[in-house]
Amino acid sequence: MLDIDLIRSDPERVRANIARRRNDPYLARFAELLAVDRDWRKAQQEAGDIRRRRNTVSKEFSEAKKAGADTTALRREADSLPAQLTELEAREALFEQRRRELLMGLPNLLDDSVPYGKDDTENQVIQEWGEKRTAPADLPPHGEYLESHGLGDFERARRNSGAGFYYLMGPLVQLDMAVQRLAMDMLVQKGFTPVIPPYMLRRAPYEGVTDLADFENVMYRIEGEDLYLIATSEHPIAALHMGEILDEDRLPIRLAGISPCFRKEIGGHGVDQKGAFRVHQFQKIEQFVFCAPEDSPKIHEELRTNAEEFLQRLGIAYRVVNVCTGDLGIVAAKKYDLEGWFPRQGKYRELVSCSNCTDYQARRLGIRLGKRGKPGKVVPHTLNSTMVATPRALVAIIENFATTDGRIALPEVLRPYMGGVRDITLPTLAP
RNA sequence: GCUGAGGUAGCCUAGUCCGGUAAGGCGCUGGCCUUGAGAGCCAGUGGCGCAAGCCACGGGAGUUCAAAUCUCCCCCUCAGCGCCA
């Protein structure tokens, strides 16, 4: 949520920034917000005048009665006030609600370094790392590959739960856990505090962390309960300090979330191939930071570096993309995507998303900064980044490290987490 | 799920039975005094508004000239019981 004081004091600057997103409905909403905010303040004023009169009359009434004086005239005026007030209050409430809707629907202010562009085709590649490996010429799509070796079952998952679900089995499960453990260990070593968050959130905290459209497009809701399955541990972790005043001296707070993530994503892109790349349920190790406003650009780079280091240690080539103005979501002011090299597909695909949400998320959540019990008006910044998400990362490992003789060669950093073995030897199933 | 107790400012608490417009403490800020960021004393300390002022006691509706206070509905928290890996 944007700072209403900023919108009032410098509407042109906000409008110009919103325009860079190349999304006209936002501009229309912004214009309406300016009007509704004025209407609301006026209605508030008018209702306030009536209330003041009511308070005065009520007091006079009480005194007159005590003194035994005639109260007829006062009574007549007092009787006429509630009806007027009811109408004005209805207007006030209407404007206030609309104002809030509009404010919650407006996107964050974009950082100046975000490249101007219309959609994901205009994102800017700012860095590449590593040597692109090649996959065995006959390597099948990973879904088939896993099924043929008994490491995954997508047919039965589809039968039982629908498309986008999977059974992972055998050594692939250990590989999944190994990848997560490596990611978590790296973060702990860098001073992050591990967090297992709630896997479901109520609506109120959820509205604070994400785009309202996600309630329709992304999140699964629990039938008959005010609960939503989390789409990422970013969400419950951001809500960890909802409504609180954070001690400035304790910042930055670095947290490493581990959780399953659940996503419907019906509004997403086209259907992906069978398998474990794009799924309704996955596991993610997440970096999350609450920090002072002035520190967030630096910490954004830090989170990106952490995620890069993870891919480097695995030995997977990647590139860093600065997501352009037209492709950024509502919450982030700036976002890097790390795209890993997938040799069999011969292209880079998203493995990591690293965002600086500035004060937008924290303001929606009502988080402020203060010092030793003194509430301040400064709102902290929040940042989040994938460290690793599985099973997508497993697909990358398979494409990068599958050998021609039916093994998956393990990157050295993973071996300690896999009982010291150098590779996964694949069981061959009878056709 | 049942029973009970609760939800008041950054925090803790009084007020609720009996309606009259939120008392006090802690913390924080400023001032006085001081060798002093200590003690003591004084003042300030939520939101909106240029201001007068209005709003704010978990949320909503109602009664009333007037609601933290009375009525109804809902939400949440805690404790005990029940169920349970």
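Scope of the values below: all heavy atoms of this structure, side chains included, with no hydrogens, waters or symmetry mates. By convention in this document, chain letters (A, B, ...) are assigned in the order of the sequence lines, proteins followed by strands, and residues within each chain are numbered from 1.
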*Asks:* Without decimals, in angstroms, what is the distance between A:R53 CZ and B:rA66 C1'?
*Replies:* 14 Å
*Asks:* Do A:Y220 and A:Y228 have their ring centres less than 6.0 Å from each other?
*Replies:*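 Ring centroids of A:Y220 and A:Y228 are no less than 6.0 Å from each other.
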*Asks:* Which comes earlier along RNA chain B counting from the 5' end, the contact point of A:G48 or that of A:W40, where each point is its nearest nucleotide?
*Replies:*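 Its nearest nucleotide lies further toward 5', so the answer is A:W40.
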*Asks:* So A:R203, base contact, sugar-phosphate only, or nothing? Heavy-atom distance under 4.0 Å.
*Replies:* nothing
*Asks:* Can you tell me how far P in B:rC28 sits from the matching atom in B:rG62, rounded to whole Å?
*Replies:* 44 Å
*Asks:* The side chain of A:R8 is closest to which nucleotide in this list: B:rG49, B:rC76, B:rG53?
*Replies:*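 Of all the options, the side chain of A:R8 is nearest to B:rG49.
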*Asks:* Quick one: label A:E60 by what it contacts on the DNA or RNA (base, sugar-phosphate, nothing), any heavy atom closer than 4.0 Å.
*Replies:*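 Result for A:E60 = nothing.
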*Asks:* Distance between the P atoms of B:rU69 and B:rC18, in whole angstroms?
*Replies:*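 So the two P atoms sit 14 Å from each other.
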*Asks:* From NZ of A:K42 over to P of B:rC48, roughly how many Å is that when rounded to an integer?
*Replies:*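 Atom-to-atom, A:K42 to B:rC48, this comes out as 21 Å.
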*Asks:* Between B:rG10, B:rU77, B:rG53, which one does the side chain of A:R52 approach most closely?
*Replies:* B:rG53
*Asks:* Taking only the P atom of each, what is the distance from B:rC55 to B:rG59 in whole angstrom?
*Replies:* 15 Å
*Asks:* Taking 4.0 angstrom as the limit, do A:K42 and A:E96 come out as a salt bridge?
*Replies:*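 Looking at A:E96 together with A:K42, the answer is no, because their closest N to O distance does not fall below 4.0 Å.
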*Asks:* Could you check, using the six-membered ring where one of them is a Trp, whether A:H381 and A:Y360 have ring centers closer than 6.0 angstrom?
*Replies:* no
*Asks:* Tell me, please, whether A:Y116 has A:R20 positioned over its six-membered ring: NZ or CZ under 6.0 Å from the ring centre and within 45 degrees of its axis?
*Replies:* no
*Asks:* Is there a donor-acceptor contact under 3.5 Å linking the side chains of A:N356 and A:T358?
*Replies:* no
*Asks:* Would you measure the distance from the P atom in B:rG53 across to the matching atom in B:rU8 and give it in whole Å?
*Replies:* 29 Å
*Asks:* Using ring centroids (six-membered ring only for Trp), state whether A:H235 and A:Y206 fall under 6.0 Å.
*Replies:* yes
*Asks:* Rounded to whole Å, how long is the line connecting atom CD of A:E225 with atom C1' of B:rG1?
*Replies:* 12 Å
*Asks:* For nucleotides B:rA5 and B:rG58, find the distance between their C1' atoms and express it as a whole number of Å.
*Replies:* 16 Å
*Asks:* With no hydrogens and no angle check, just 3.5 Å: does a side-chain donor-acceptor pair link A:K284 and A:T386?
*Replies:* no
*Asks:* Give the nucleotide from the list B:rC76, B:rG49, B:rA66 with an atom nearest to the side chain of A:R54.
*Replies:*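 Of the candidates, B:rA66 comes closest.
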*Asks:* From the options B:rA66, B:rC48, B:rA52, select the nucleotide whose nearest atom is closest to the side chain of A:Q44.
*Replies:* B:rC48
*Asks:* Over how many whole Å does the gap from A:R41 atom CZ to B:rG47 atom P extend?
*Replies:* 15 Å
*Asks:* For the pair made of CD1 in A:I50 and C1' in B:rC54, what is the distance, rounded to whole Å?
*Replies:*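 After rounding, the gap between these two atoms is 12 Å.
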*Asks:* Over how many whole Å does the gap from A:R202 atom CZ to B:rG58 atom P extend?
*Replies:* 17 Å
*Asks:* Looking only at atom P, what distance separates B:rG40 and B:rG25, rounded to whole Å?
*Replies:*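 Each nucleotide's P atom is 13 Å from the other's.
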*Asks:* To the nearest Å, give me how far apart CG (A:D3) and P (B:rC48) are.
*Replies:*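 Going from CG in A:D3 over to P in B:rC48 covers 10 Å.
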*Asks:* Pick the P atom in B:rU21 and in B:rC54, then give their distance to the nearest Å.
*Replies:* 13 Å
*Asks:* Does a side-chain N or O of A:R51 approach OP1 or OP2 of B:rG49 to a distance below 4.0 Å, or not?
*Replies:* no
*Asks:* B:rG7 and B:rA56: how far apart are their C1' atoms, nearest whole angstrom?
*Replies:*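 To the nearest whole Å, 15 Å.
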*Asks:* Do A:D226 and A:R203 meet the salt-bridge criterion of a basic N to acidic O distance under 4.0 Å?
*Replies:*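 Not counted as a salt bridge, because no side-chain N and carboxylate O are separated by less than 4.0 Å.
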*Asks:* Using whole Å, what does the distance between atom P of nucleotide B:rC48 and atom CG of A:D49 come to?
*Replies:* 19 Å
*Asks:* Check A:E147 against A:F154 and note the closest heavy-atom contact, atom names and distance.
*Replies:* OE2-N, 2.9 Å
*Asks:* Just to be sure I understand: a Watson-Crick pair is purine N1 to pyrimidine N3 plus N6-O4 or O6-N4, both under 3.5 Å. Using that and G-U wobbles, which stems of three or more pairs involve RNA chain B?
*Replies:*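 Counting only runs of 3 or more consecutive pairs, the stems involving RNA chain B are B:1-7 with B:75-81, B:10-12 with B:24-26, B:27-32 with B:40-45, B:46-48 with B:53-55, B:58-62 with B:70-74.
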*Asks:* If you check the A:N55 side chain, which of B:rU21, B:rG49, B:rA52 turns out closest?
*Replies:*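 Selected nucleotide (nearest to the side chain): B:rU21.
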